[in-house]
Amino acid sequence: MKKVVQAIKGTRDFYPEEMAVRSWLYRTIRRVSELHGYQEYEAPILEKLELYAAKSGEELVKEQAFVFEDRGGDLIALRPELTPSLARMVAQRQKELTYPLRWWSFGPFWRYERPQKGRTREFFQWNIDLIGADSPESDAELISIAAAFFKAVGLDPDQVVILVNNRRLMEAELARLQIKPELKGDVFRLIDRRDKMTPDNWTAYARDMGLSEAQMEGLTLLLSDEEAWKRSEEMTRLFTALEQVGVKDYVQFDAGIIRGLEYYTGTVFEARDRQGEGRAILGGGHYDNLVADVGGDPLSGVGFAMGDVMIRVILEKYQCLPELNTQPAQVLVTVFDEDSLLDSLRLAAELRARGANTIVFTEPVRLQKQLKFADKAGVRFVVIVGPDERQAGQVTVKDLAAREQTSLSREQAAAFLSQKLAKAEAV
RNA sequence: GUGCCUGUAGCUCAACGGCAGAGCGCCUCACUGUGGAUGAGGAGGUUGAGGGUUCGAAACCGUCCAGGCACCCCA
């Protein structure tokens, strides 16, 4: 066993059980996205590194991208995020697309990080964006989609919360505290780290930055001010819209939400476990310059991304993962001996023609083994054809779940099975 | 990239520096045409790798590899 070549660090093998979960997640995401009228799209997994130079976080590109040189000497990155690709796709056909665009995607991404809880190097991400719209109500739509997803998977408002803030509001608040615009980036970073530092360290960090005692006091006050949003017309409209669509329970204002990505210009939000478990489940916001940054005309948008790893942790924690069947076969046709092998193959083909997902045992081993296989593999019905049956022109249909079996003609058996299977599917 | 913890049978885990074990799973048989249950038997290990200390190492020491957790950053 030692000789098995190891998988790449931070990647996951999707065995059928895992793949079933991933597919279920994909189906749910599709349902929620389409329910809101969003179209599916996909971008290349590989992009030129320079695409990310424009606006992604410095660290995201320089430290965390998987980069290699292709045969032509270009630096290629395995995409660490989708938004720049989206911006490029929009810019390329900017004049012919119908706005506002409502697009969603679900695919793989790579970041070169140390794997840990809720984080791997290869992960899947749901990206959903509304582009060519600039109103608070547009931002509200994306937030309500996130809420709709939580509702769809059975996560309640007392389990997860979508924390919302607005960078323009924060800029105005910083100005009110007479913090110089040049310090904006640093102060945003400071706010972002509030939870991760001890109060003393945080204060020292702020002081080093050049903030006065009064400014620090004002900042601390602001961060605990649950009413600060009322000073922003944008946010007032946003919350009103959220209330109207009935997802207010999931949403909460938090002046501490800044988001790391530099391209957000207005509304920013992230979803978290109410009990504070792990990192953000999803994150997003409003952006104004993304399309222009890749060479297009200015176009605003709002979107968010949700990784499959963290949401999986939360879904498991709150037992929201459904029971998923990984066995597509409904019927197993057994084979009695070498001589009847072809007959069994033919019978299986007949059953498939009638629409039954059918496996035929292709090796004439003991019947006991074949039944055990069906049982363990989760195939409910077994069709037995041996010399006795052939002589009588019949087959034996065994229902492993009901523990009963009957002798039927081939025609009857096919009809019997399609009836049983239809009933099973209806349940 | 930094720090802490962990690597023993397919899986979950025991074993004071002194013979490497259990439960589950797997295989065989009881039952050569009937799954789960029961009983009996069996296979399965270079103790992550390669060094060092020691009369003796799964255990102690340092190196590498892998995994987990936290930091950084972020989905």
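All values below come from the heavy atoms of this structure, side chains included, with hydrogens, waters and symmetry mates left out. To find a chain, count down the sequence lines: A is the first, B the second, and so on, and within it residues start at 1.
Residue Asp308(A) is out of contact with every strand shown, counting any heavy-atom pair closer than 4.0 Å. Here Lys9(A) lies in heavy-atom contact (under 4.0 Å) with sugar-phosphate atoms only. Using a 4.0 Å heavy-atom criterion, one finds that Glu122(A) contacts no nucleic acid atom at all. Here Phe373(A) lies out of heavy-atom contact (under 4.0 Å) with every strand. Within the 4.0 angstrom heavy-atom criterion, only backbone atoms of the sugar-phosphate kind lie near Ile281(A); the bases stay farther away. Within 4.0 Å (heavy atoms only), Ser340(A) reaches no atom of the nucleic acid at all.
To the nearest 0.5 Å, the span separating CG on Asp249(A) from NZ on Lys151(A) amounts to 7.5 Å. Rounding to the nearest 0.5 Å gives a distance of 11.0 Å between CZ of Arg390(A) and CG of Leu347(A).
Put simply, Phe109(A) does not rest on the base of A75(B): the two rings are not both less than 5.5 Å apart at their centres and under 30° in tilt.
Residue Lys117(A) places its side chain closer to C69(B) than to any other of U34(B), C69(B), G36(B). Comparing atom distances between the Gln405(A) side chain and each of G1(B), G67(B), U34(B) picks out U34(B) as nearest. Here the nucleotide nearest the side chain of Lys372(A), chosen from G33(B), G35(B), A70(B), is G35(B). Side-chain proximity of Thr396(A) to G33(B), G35(B), C73(B): nearest is G33(B).
Taking atom P on both C60(B) and G25(B), the two are 33 Å apart, rounded to the nearest angstrom. With both ends at atom P, the span from C16(B) to C11(B) equals 23 Å, rounded to whole Å. Comparing G35(B) with C29(B), their P atoms are spaced 13 Å from each other, to the whole Å. Annotation: C26(B) and G36(B) have their C1' atoms spaced 16 Å apart (nearest Å). Taking the C1' atoms as reference points, G51(B) lies 10 Å from C64(B), given to the whole Å. The separation of A14(B) from C73(B), taken at their P atoms, amounts to 37 Å, rounded to a whole angstrom. As rounded to the nearest Å, A9(B) and G21(B) have C1' atoms that lie 10 Å from one another. Rounded to the nearest Å, the gap between the P atom of G23(B) and that of G1(B) is 44 Å.
In this entry G3(B) has C69(B) as its Watson-Crick or G-U wobble partner, both defining distances falling under 3.5 Å. Nucleotide A9(B) is matched to nothing when pairs are restricted to Watson-Crick or G-U wobble geometry with both distances under 3.5 angstrom.
With respect to Glu141(A) and Arg102(A), a salt bridge is recorded, a charged nitrogen being found less than 4.0 Å from a carboxylate O.
Atom CD of Gln327(A) is separated from atom C1' of G35(B) by 15 Å (rounded to the nearest Å). Here A70(B) presents its P atom at 9 Å from CE of Met310(A), a figure rounded to the nearest Å.
Between Phe14(A) and Phe124(A), the ring planes lie perpendicular to each other; the angle is over 60°, past the 30° to 60° tilted range. Trp104(A) and Tyr26(A) have perpendicular rings, their planes meeting at more than 60° on a 0 to 90° scale where under 30° would count as parallel.
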